[in-house]
Chemist: 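Sharing a structure, written as structure tokens. Questions coming.
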Amino acid sequence: MLKKTPFYEKHLEYKAQMIDFFSYLMPISYRSIKEEVLAVRNNCGLFDVSHMGRIEVSGKDYKEFVNYLITNDIFSLKEYQACYACMLYEDGGIVDDLVCYNLPERILLVVNCANLEKDYNYILSINKKFNCEIKNISEEVCQLALQGKRAEEILSSLTNDNLSEIGFYYSKEIKILDVLMLVSRTGYTGEDGFELYFDRSYAHKIWDALFEKDSSLMPCGLGARDMLRLEMGYCLYGQDIDKDKNPLEANLSFVVKFNKDFIGKEALLKIKEQGLKRKLVGIKFADKVIPRPKMNLYDSNNSLIGFITSGTFSFSVNCGIALGYVDINYCQIGNKVYLENKKEGEIVKLPFYQFGSIKKSKKEV
């Protein structure tokens, strides 16, 4: 039987088109994906992201354990600060990408829905060396993402707390309509916004209050979420990264801290020493070309040089965009690439969408 998030009835009430998404019944869209993408870019949208996995780590040496588990440095974080990171296998392949919150006496790991069971079992297996307390709280706590340049204005109308005090990739425990929750200035759209973590029993109360406070707020589905993240060049596990790809070739070196120990470090050092064979790049196509995952990429001599991992027609950039792995000798910005139908693209600097409202004044980690 397919699982339902606490917002399932709200999705039906708002006439969402529902799909089977890794065993969850989730909204792919409520209106058109174009309307939802542009609503987030120009105003604000609300996403149910409760299908994501939430795992708490606590107990003796919990920070040492998480620091060994992930590539980023948990000890560099202040209390309530968060970081993006990868969890690796010994050979450097990616188990998952995740967000880690450094909370009082515990760390919250937010992992991909499709990987939750795999991640949880992997974390338990590594924990045999540490004996920390590992708790899967995914079914107890729900998660909303309020994304867009008006997110702070809309959420502020429901709380007495000063949300402007929450910096980019920081969080705070505050009350929204007397419901205590963790509110973080995070998201995966390139826009300013917040993710709200709270007891699932308050799901309908918070959802209804947000839409009652602002009639222009738009519910958004997985279709818009995927396009928004691709417009920013953000990786999606299962497409752009997986066990057969490492963070160095996936442009995720910024979350790999070689000055500490972590699972997969030796493999990555060896890969680094030998040199990368391929690299994930951003590609723009002219006009109405729609690149799709698994399409091959060729050079002007029709030699195979790589393949696409994510692709779509972008409503914000107004052209075809794609992420793909290209031979390391051909990955320079400005190089031309071609699909099998000879449609021409150009390797470009990421992100594709340059005008997001994300807090650039805050340090990204």
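Numbering starts at 1 and runs along the sequence shown.
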Chemist: So for atom NZ, which belongs to K260, do other residues, nucleotides or ligands contribute more than 12 heavy atoms lying within a distance under 6.0 Å?
Modeler: yes
Chemist: With a 3.5 Å distance limit and no angle check, can you tell me whether D327 reaches the backbone of N329 through a side-chain donor-acceptor pair?
Modeler: yes
Chemist: Going by atom types only, do S156 and E153 share a side-chain donor-acceptor pair under 3.5 Å?
Modeler: no
Chemist: Classify the side-chain pair S303/N301 by whether it contains a donor and acceptor separated by less than 3.5 Å.
Modeler: no
Chemist: Would you call the rings of Y89 and Y122 parallel, tilted or perpendicular if under 30° counts as parallel and over 60° as perpendicular?
Modeler: perpendicular
Chemist: Rounded at 0.5 Å granularity, tell me how far OH in Y353 sits from CD1 in I321.
Modeler: 12.0 Å
Chemist: Output yes when a side-chain donor or acceptor of Q239 lies under 3.5 Å from a complementary backbone atom of T309, and no otherwise.
Modeler: yes
Chemist: Using side-chain heavy atoms (C-beta onward) and a distance below 4.5 Å, is L46 in contact with P219?
Modeler: no
Chemist: Less than 3.5 Å apart, which donor and acceptor atoms pair up between the side chains of residues 103-113 and the rest of the protein, not counting sequence neighbours?
Modeler:
from : atom 1 : to   : atom 2 : distance (Å)
R106 : NE     : E56  : OE2    : 3.0
R106 : NH1    : P104 : O      : 3.3
N112 : ND2    : D96  : OD1    : 2.6
N112 : ND2    : D97  : O      : 3.4
N112 : ND2    : D97  : OD1    : 2.7

Chemist: Hey, is the main chain of C44 close enough, under 3.5 Å, to the side chain of E191 for a donor-acceptor pair?
Modeler: no
Chemist: Would you say K245 has more than 12 foreign heavy atoms packed within less than 6.0 Å of its NZ?
Modeler: yes
Chemist: Any salt bridge (Lys or Arg N to Asp or Glu O under 4.0 Å) pairs touching residues 206-233, not counting sequence neighbours?
Modeler: K10-D208, R41-E231, R150-D214, D226-R229, R229-D240
Chemist: Donor-acceptor pair, N102 side chain versus Y80 backbone, under 3.5 Å?
Modeler: no
Chemist: If you take all heavy atoms of C220 and V40, which pair is closest and at what distance?
Modeler: SG-CG2, 3.8 Å
Chemist: Answer whether the closest heavy-atom distance between the side chains of L98 and M87 falls below 4.5 Å.
Modeler: yes
Chemist: Taking the hydrophobic residues Ile, Leu, Val, Met, Phe, Trp and Tyr, and joining any pair whose side-chain heavy atoms are under 4.5 Å apart, which ones share a cluster with L180?
Modeler: none
Chemist: Got a list of side-chain donor-acceptor pairs under 3.5 Å for residues 17-24, not counting sequence neighbours?
Modeler:
from : atom 1 : to   : atom 2 : distance (Å)
D20  : OD1    : S23  : N      : 3.2
Y24  : OH     : E139 : OE2    : 3.0

Chemist: Just to verify, what does F258 make a ring pair (Phe, Tyr, Trp, His ring centres under 6.0 Å) with, not counting sequence neighbours?
Modeler: none
Chemist: Cluster partners of L304, using ILVMFWY side-chain heavy atoms under 4.5 angstrom, listed by chain and number?
Modeler: Y298
Chemist: Got I308 and L323 here, is their nearest side-chain heavy-atom distance under 4.5 Å?
Modeler: no
Chemist: Verify the distance criterion only: is there a donor paired with an acceptor across the side chains of S184 and Y101 at less than 3.5 Å?
Modeler: yes
Chemist: Could you tell me which residues satisfy ring pair (Phe, Tyr, Trp, His ring centres under 6.0 Å) with F7, sequence neighbours excluded, listed by chain and number?
Modeler: W207
Chemist: Step through the shown structure and confirm whether more than 12 heavy atoms of other residues, nucleotides or ligands are within 6.0 Å of CG on N160.
Modeler: no
Chemist: If you count the non-hydrogen atoms of other residues, nucleotides and ligands that lie under 6.0 Å from NZ in K265, is the total more than 12?
Modeler: yes
Chemist: Please assess F211 against Y14 for the test ring-ring contact (aromatic ring centres under 6.0 Å, His included), listing each intermediate value before the final yes or no.
Modeler: CA-CA 11 Å; F211 286 103; Y14 281 69; 5.0 Å; yes
Chemist: Rounded to the nearest 0.5 Å, what's the gap from CD1 on I358 to OH on Y169? Could you check?
Modeler: 7.5 Å
Chemist: Is the number of heavy atoms from other residues, nucleotides or ligands under 6.0 Å of E64 CD greater than 12?
Modeler: yes
Chemist: Taking only residues two or more places apart in sequence or in another chain, which ones pass side-chain hydrogen bond (donor to acceptor under 3.5 Å, both in side chains) with D199?
Modeler: S201
Chemist: Would a distance-only check, ignoring hydrogens and angles, find a side-chain to backbone donor-acceptor pair under 3.5 Å from E36 to G221?
Modeler: yes
Chemist: Mind checking ring pair (Phe, Tyr, Trp, His ring centres under 6.0 Å) for Y325 and listing every partner two or more places apart, or none if nothing turns up?
Modeler: F307
Chemist: Are any of the side-chain nitrogens in D192 or R185 under 4.0 Å away from the carboxylate oxygens of its partner?
Modeler: yes
Chemist: Report the residues that fulfil side-chain hydrogen bond (donor to acceptor under 3.5 Å, both in side chains) with Y188, sequence neighbours left out, ordered by chain and then residue number.
Modeler: none
Chemist: Going by ring pair (Phe, Tyr, Trp, His ring centres under 6.0 Å), name the residues that satisfy it together with Y338, two or more places apart in sequence or in a different chain.
Modeler: none
Chemist: Hey, what do you get for CG (N43) to OG (S216), rounding to the nearest 0.5 Å?
Modeler: 4.0 Å
Chemist: Is it true that, when you exclude K343 itself, more than 12 heavy atoms of the residues, nucleotides or ligands shown sit nearer than 6.0 Å to its NZ?
Modeler: no
Chemist: Mind checking the CG-CG spacing from L182 to L196? Nearest 0.5 Å is all I need.
Modeler: 9.0 Å
Chemist: Are the side chain of T71 and the backbone of V255 linked by a donor-acceptor contact shorter than 3.5 Å?
Modeler: yes
Chemist: Taking the side chain as every heavy atom from C-beta outward, state whether L222 and F47 have any atom pair closer than 4.5 Å.
Modeler: no
Chemist: Between R200, H51, E195, which is the residue that forms a side-chain hydrogen bond (donor to acceptor under 3.5 Å, both in side chains) with Q143?
Modeler: E195
Chemist: My understanding is that only residues two or more places apart in sequence, or in another chain, count here; which of them pass side chain to side chain contact (heavy atoms under 4.5 Å, CB included) with A286?
Modeler: none
Chemist: Of all heavy-atom pairs between D61 and F130, which one has the smallest distance, and what is that distance?
Modeler: O-CD2, 4.4 Å
